[in-house]
Amino acid sequence: MKRFYFPLLFVLLLIVFTVGRLIFSWYNSDIETLGLTQFSWACLRGLPLDIRTAAALLLVPALLSLQKRFSLRALLAPYYIFVGFLIALIVGADTIMYEFWKFKLGAVVISYAMSPEGATSSVEPIFLITRAGSVLAAWAIISTLFIAITPKRTDSNWKQCLAILVLALLPLGINTAHVRKSSLFANHTATNSIYAFASSFLDERTYHIMPTAEATAVFDSLYAHNTGADIQDTLLTNKRPNLLFIQLESFSGKFVKELGGIDNVAPQMSQLIPQGLFFTNYYSNSFRTDRGTVALQSGMVSHPTLSLMREFGLHGKLASLPNALRQVGYETAYVYGGPMTNMHKREYLQDMLVDTLYDYTAFTPEQLTSAWGAHDEAAAYRTVQLIKERKQSERPWAFTFQTISSHEPWVVPYKRLSDPKLNAFAYTDDVLGQMIATLKNDPELWDNLLVIILPDHGYLYEQTYEEPAFFHSPMLWLGGALKHTGTVEKLMNQSDIAATLLAQMGISAEAFPWSRNIFSRAYKHPFVYCNFPAGLMMKDATGTTLFDLTAREVITEQGTPSAERLHAARALLQRSYEVMR
């Protein structure tokens with residue numbers, strides 16, 4: 001045992017990582033099922049990272065083994081208890097959270113964990129108890145095995161320590177770029193969870209891919225001169241309509257028949273589409289509410305690993321659509337049925353100078369029947385009440401109403417579809433139809449109202465991030481202040497709403513460099529840029545490229561393959577971080 005202690009411990013760590021990979025693959029098999037051959041290749045591709053991670057964890061035991069005065073087992077027991085907990089927690093959390101996130105555990109997930117009410121509202125208590133119990137059991141098993149094979153004395157020497165150090169610091173490319181080539185899920189299965197978690201903190205605030213001047217040139221070629229008030233068509237009956245943004249939780253094109261989605265999930269949306277201006281090539285910027293809210297309210301593209309909403313120190317670098325409207329006389333408000341403490345939403349909206357915020361505290365205890373707070377019906381009713389109170393106001397107003405019910409745990413006071421997820425979206429759609437009908441029945445409100453309906457982001461229902469359709473979303477403009485109905489087929493992002501709307505209102509959008517006025521004559525290169533923590537998407541008239549940031553390779557290519565399209569996406573990724581430093 002003394003002689004073979006380190007080789008045995010090294011092999012044990014590799015076995016632990018392989019078992020963790022097996023559990024990860026099995027637990028998430030409803031996302032994708034890997035056959036024996038695929039799983040074996042994932043293990044083989046992940047072996048370099050396993051070796052490097054195991055060696056890093058052995059550095060402390062190797063150093064302590066050089067002393068001969070104290071019992072090695074007694075010295076290392078606390079360390080192995082800690083390491084066992086670390087492995088069980090990271091691998092367990094990665095496995096469990098992948099069901100919801102579809103990307104590896106990293107710094108970005110930790111940022112969401114800082115707002116625990118989001119997790120506790122999304123799942124049942126039994127879910128948390130059973131998963132926590134599994135992690136604790138794994139911790140006990142791993143720690144016990146490590147301690148059990150550790151002798152009181154060992155024959156190790158400085159040569160063994162040096163060998164372990166070399167393995168831990170293997171240079172030049174033993175990284176996640178070598179964990180390929182397959183589907184996104186297979187790449188994530190292959191990637192060592194401990195290594196991915198640790199390395200994610202290095203990429204949290206920067207992606208330096210090319211010289212800054214080169215990235216800036218790409219940005220200027222794609223975004224310069226697109227923020228002007230020049231417009232090809234006037235969409236509004238007047239330049240100071242009242243505004244109502246309805247931000248639908250997770251409401252992707254997957255649930256809208258007119259975008260190729262599932263039929264009969266959103267019949268109210270289908271009835272409203274012919275009555276307004278429907279944007280058929282509109283794409284959400286990202287994958288979560290905090291990103292989607294910033295894209296709308298600040299006209300800023302999203303970041304894979306950085307949540308601008310919760311970064312107080314960066315709010316001063318963001319433009320503000322509410323403030324741009326306040327400067328021309330608008331009263332602004334935001335209505336949300338849940339807590340605004342989640343991801344520090346309240347602080348962000350206050351920094352964007354929204355006049356009045358209404359969250360779950362604005363509702364009666366009888367209305368707080370959702371796991372998150374007030375269901376959409378109660379929140380929509382409250383929003384309409386607040387709007388009606390301003391009928392006699394001399395100031396124009398701009399309200400944002402954010403829905404909440406089409407979210408885990410999918411429990412809503414409505415029953416039309418058997419699938420609880422689809423039924424939750426159907427409920428939100430039903431509330432939307434009732435809300436619009438109520439507003440239309442009051443001509444005094446409707447005649448000078450522009451309603452902009454859009455989701456905060458999409459939802460992965462029977463699809464993965466490898467499918468560009470995840471970002472494809474419905475956006476509909478309605479109201480008596482809208483001059484035209486029909487469809488708009490231009491490619492555009494969620495972040496482009498600010499400049500596009502302000503141009504229609506004759507308001508400067510120079511403060512929104514990442515937002516484009518899609519009706520400008522200068523908008524000659526339509527494209528969309530989207531991302532999530534594990535990848536980027538770039539789509540233009542020639543095709544679509546989706547790039548895996550974990551494996552650093554293209555995983556989806558539609559239309560004409562284009563190195564220029566990928567280069568542009570990576571340049572925008574880098575530039576979006578550089579401007580936030």
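In this chain, numbering begins with 1 at the start of the sequence shown.
In this model, a donor atom of one side chain and an acceptor atom of the other lie less than 3.5 Å apart for His567 and Glu214. For the residue pair Gln402 and Lys345, a side-chain donor N or O sits within less than 3.5 Å of a side-chain acceptor on the partner.
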Where do Val91 and Phe17 land on the side chain to side chain contact (heavy atoms under 4.5 Å, CB included) test, with the steps shown first?
CA-CA 9 Å; Val91 175; Phe17 295 150; 5.5 Å; no

Run Ile87 and Leu57 through side chain to side chain contact (heavy atoms under 4.5 Å, CB included) and show every step you take.
CA-CA 10 Å; Ile87 293 174; Leu57 294 175; 4.0 Å; yes

Run the ring-ring contact (aromatic ring centres under 6.0 Å, His included) test on Tyr98 and Phe185 for me, step by step, so that the C-alpha distance in whole Å, both residues' side-chain angles and the decisive distance to 0.1 Å come before the verdict.
CA-CA 10 Å; Tyr98 196 88; Phe185 179 72; 5.7 Å; yes

Could you go through Phe82 and Trp139, starting from their C-alpha distance and side-chain angles, then the distance that decides it, and tell me whether this counts as ring-ring contact (aromatic ring centres under 6.0 Å, His included)?
CA-CA 9 Å; Phe82 170 74; Trp139 175 26; 9.8 Å; no

Please report the C-alpha distance between Tyr79 and Thr150 in whole Å, then the side-chain angles of each, then the deciding distance to 0.1 Å, and finally whether the side chain to side chain contact (heavy atoms under 4.5 Å, CB included) criterion is met.
CA-CA 12 Å; Tyr79 176 74; Thr150 303; over 6 Å; no

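In summary, Asp290 and Arg310 do not engage in a salt bridge, as defined by a charged side-chain N under 4.0 Å from a carboxylate O. With salt bridges taken as basic N to acidic carboxylate O contacts below 4.0 Å, one links Asp50 and Arg21. Taking 4.0 Å as the cut-off between side-chain N and carboxylate O, Glu557 and Arg565 count as a salt-bridged pair.
Shown here for Asp456 and Thr289, the closest heavy-atom pair between the two residues is OD2-OG1, 2.7 Å. Considering every non-hydrogen atom in both Tyr577 and Leu573, the closest pair reads CD1-O, 3.2 Å. Annotation for Glu408 and Tyr459: closest pair OE2-CE1, 4.3 Å, computed over non-hydrogen atoms. Residue Phe547 comes nearest to Val554 through the heavy atom pair CD1-N, 3.8 Å, listed as atom of the first residue, atom of the second, then distance. Closest approach of Val412 to His375, counting heavy atoms only: CA-CE1, 3.8 Å. What you find for Ser302 and Ser576 is that their closest heavy atoms are O-OG, 4.5 Å.
Taken to the nearest 0.5 Å, the CD1 atom of Ile404 stands 13.0 Å off from the CG atom of Leu248. The structure places CD1 of Ile209 at 10.0 Å from CG of Leu572, a figure rounded to the nearest 0.5 Å. Note that CD of Glu347 and CD of Glu311 are 12.5 Å apart. Values are rounded to the nearest 0.5 Å. The CD1 atom of Ile262 sits 9.5 Å away from atom CZ of Phe425, with the distance rounded to the nearest 0.5 Å. One finds the OG1 atom of Thr95 at 11.5 Å from the CD1 atom of Ile90 (value rounded to the nearest 0.5 Å). For the atom pair Leu76 CG and Ile81 CD1, the distance stands at 11.0 Å (nearest 0.5 Å).
Proximity of Leu296 to Val294: side-chain heavy atoms (C-beta onward) are nowhere separated by under 4.5 Å. The shortest side-chain heavy-atom distance between Thr33 and Trp26 does not fall under the 4.5 Å cut-off. By the 4.5 Å heavy-atom criterion applied to side chains, Tyr465 and Leu546 are not counted as neighbours. Considering only heavy atoms from C-beta on, Ser298 comes within 4.5 Å of Tyr348 through its side chain. Side-chain contact check for Val528 versus Met538: every heavy-atom pair is 4.5 Å or farther apart. Residues Thr556 and Thr545 fail the side-chain proximity criterion, which asks for heavy atoms closer than 4.5 Å. Proximity of Asn285 to Cys530: side-chain heavy atoms (C-beta onward) are nowhere separated by under 4.5 Å. Looking only at side-chain heavy atoms (C-beta outward), Gln247 and Thr403 stay at 4.5 Å or farther from each other.
More than 12 heavy atoms of other residues, nucleotides or ligands shown are found within 6.0 angstrom of CZ on Phe312.
With Ser284 contributing its side chain and Ser286 its backbone, the two residues share no donor-acceptor pair below 3.5 Å. Side-chain atoms of Gln574 do not come within 3.5 Å of backbone N or O of Ala571 as any donor-acceptor pair. Side-chain atoms of Gln38 come within 3.5 Å of backbone atoms of Gly35 as a donor-acceptor pair (strictly under, hydrogens ignored). A donor-acceptor pair under 3.5 Å links the side-chain atoms of Ser406 to the main chain of Glu249, judged by distance alone. His315 places a side-chain N or O within 3.5 Å of a backbone atom of Leu308 that can act as its donor or acceptor partner. A donor-acceptor pair under 3.5 Å is formed between the side chain of Asn493 and the backbone N or O of Tyr283. In this structure, Thr53 contributes its side chain and Ile194 its backbone to no donor-acceptor pair below 3.5 Å. When atom types are taken as modelled, the side chain of Thr293 and the backbone of Arg291 share no donor-acceptor pair closer than 3.5 angstrom. Remark: the backbone N or O of Leu105 is paired with a side-chain donor or acceptor of Asp94 at under 3.5 angstrom. Side chain of Thr544 to main chain of Asp540: no donor-acceptor pair is present (N/O by atom type, distance under 3.5 Å, no hydrogens or angles).
Side-chain rings of Phe219 and Trp514 approach one another, their centers coming within less than 6.0 Å. When ring centroids are compared, Tyr336 and Trp372 stay outside the 6.0 Å threshold. Phe287 has its ring centre no less than 6.0 Å from the ring centre of Phe532.
A cation-pi geometry, defined here as NZ or CZ lying under 6.0 Å from the six-membered ring centre and within 45° of its normal, does not hold between Lys104 and Tyr195. Cation-pi contact between Lys539 and Phe527: absent, since separation from the ring centre below 6.0 Å together with deviation from the ring axis within 45° is not met.
Every residue two or more places apart in sequence or in another chain was checked for a salt bridge (Lys or Arg N to Asp or Glu O under 4.0 Å) with Asp351, and none qualifies.
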